[in-house]
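Working notes, structure below.
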Amino acid sequence: MARRPRARERRGILTSSPGPRGGFRLARPLAAILLMDVVAAVEGHEDAFRCAEIRQQGPGAAPQAGDGTGEGQGRNQGPECAIAHAMGRAELAWRQALAAQNLDDIRQQAERQAPEAAERLRSWLAEQ
């Protein structure tokens, strides 16, 4: 379990304190941590969609370049497929939306939606 928080620490979101009263704290103020920072710390920077190039496989595959046998030849990739293009645009929009909000924005919205939640959480933590 300690492995994941260390990965997040390296991404500058958390700091840790050892010992019986230790634990993890945010390394920066809420306003300085973007939602995209959190996603990258948890999921990594890999694209969510990975194109399997189905245009190059199966009965509808594009013909191979070369001598007609396809032996030892690479396939003509051509332009990016329509699905990969659409998914890339969607992922870019998603990442931009996450980068446009920080954790303080989320805190403020949560407090507007449930103003009593912060006090209930404080009470609950005091009982632990």
Side-chain angles (χ1 to χ4, degrees):
M1 194 74 169
R3 186 169 169 250
R4 281 215 180 258
R6 286 189 189 131
R8 290 184 195 115
E9 284 180 78
R10 286 192 297 271
R11 290 176 177 89
I13 292 179
L14 298 176
T15 60
S16 64
S17 301
R21 296 192 49 89
F24 294 93
R25 293 185 182 268
L26 293 175
R28 297 178 269 156
L30 290 175
I33 301 173
L34 303 176
L35 284 181
M36 190 64 234
D37 296 336
V38 175
V39 170
V42 173
E43 301 292 332
H45 292 281
E46 307 257 336
D47 291 342
F49 177 77
R50 289 170 190 81
C51 183
E53 258 315 324
I54 59 173
R55 298 179 299 170
Q56 306 302 325
Q57 304 169 33
Q64 294 179 344
D67 62 5
T69 67
E71 295 296 322
Q73 299 291 323
R75 295 191 186 267
N76 179 10
Q77 294 290 322
E80 179 180 49
C81 80
I83 294 171
H85 180 73
M87 295 301 286
R89 288 180 42 222
E91 181 153 347
L92 178 60
W94 175 70
R95 289 178 182 269
Q96 288 173 333
L98 292 174
Q101 279 195 299
N102 62 50
L103 294 185
D104 195 51
D105 297 332
I106 299 302
R107 179 196 58 79
Q108 290 175 31
Q109 182 178 357
E111 286 179 354
R112 283 191 302 273
Q113 291 175 340
E116 70 290 342
E119 186 53 43
R120 284 196 319 256
L121 179 59
R122 279 194 229 25
S123 296
W124 179 81
L125 288 171
E127 295 170 6
Q128 301 307 310

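The first residue of the sequence shown is numbered 1, and numbering continues consecutively from there. Computation of the quantities below employed the complete heavy-atom set of this structure, encompassing side-chain atoms and omitting hydrogens, waters and symmetry-equivalent molecules.
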- Message: If hydrophobic clusters are built by linking Ile, Leu, Val, Met, Phe, Trp and Tyr wherever their side-chain heavy atoms come under 4.5 Å apart, do Val39 and Phe24 end up in the same one?
- Response: yes
- Give every residue pair that meets the side chain to side chain donor-acceptor pair (under 3.5 Å) criterion with at least one member in residues 86-95, sequence neighbours excluded. Glu91-Arg95
- Item | ILVMFWY cluster, Met87 and Leu98 together (side-chain gap under 4.5 Å) | no
- Message: Check whether Gln128 reaches the backbone of Trp124 with its side chain - one donor and one acceptor, N or O, closer than 3.5 Å.
- Response: yes
- Item | Interatomic distance, Thr15 atom OG1 to Leu26 atom CG [nearest 0.5 angstrom] | 8.0 Å
- Which heavy atom in Ala41 sits nearest to a heavy atom in Ile13, and how many Å separate them? CB-CD1, 3.5 Å
- Could you grab the distance from atom CD of Gln108 to atom CD1 of Ile106, nearest 0.5 Å is fine? 10.0 Å
- How many angstroms lie between atom CD of Glu127 and atom CZ of Arg122, to the nearest 0.5 angstrom? 14.0 Å
- Query: Closest approach of Phe49 and Ala84, non-hydrogen atoms and distance?
  - Reply: CE2-CA, 3.7 Å
- Is there side-chain contact between Ile33 and Asn102, with heavy atoms separated by less than 4.5 Å? no
- Item | Joint cluster assignment, Met36 & Leu92, ILVMFWY side-chain distance < 4.5 Å | no
- Message: With a sphere of 6.0 Å drawn around CD of Glu46, does it hold more than 12 non-hydrogen atoms of other residues, nucleotides or ligands?
- Response: no
- Note on the structure: Interatomic distance, CD@Gln101 vs CD@Gln96, rounded to 0.5 Å, equals 13.5 Å
- Message: Looking only at side-chain N and O atoms, does Gln109 offer a donor or acceptor that is under 3.5 Å from a partner on Asp105?
- Response: no
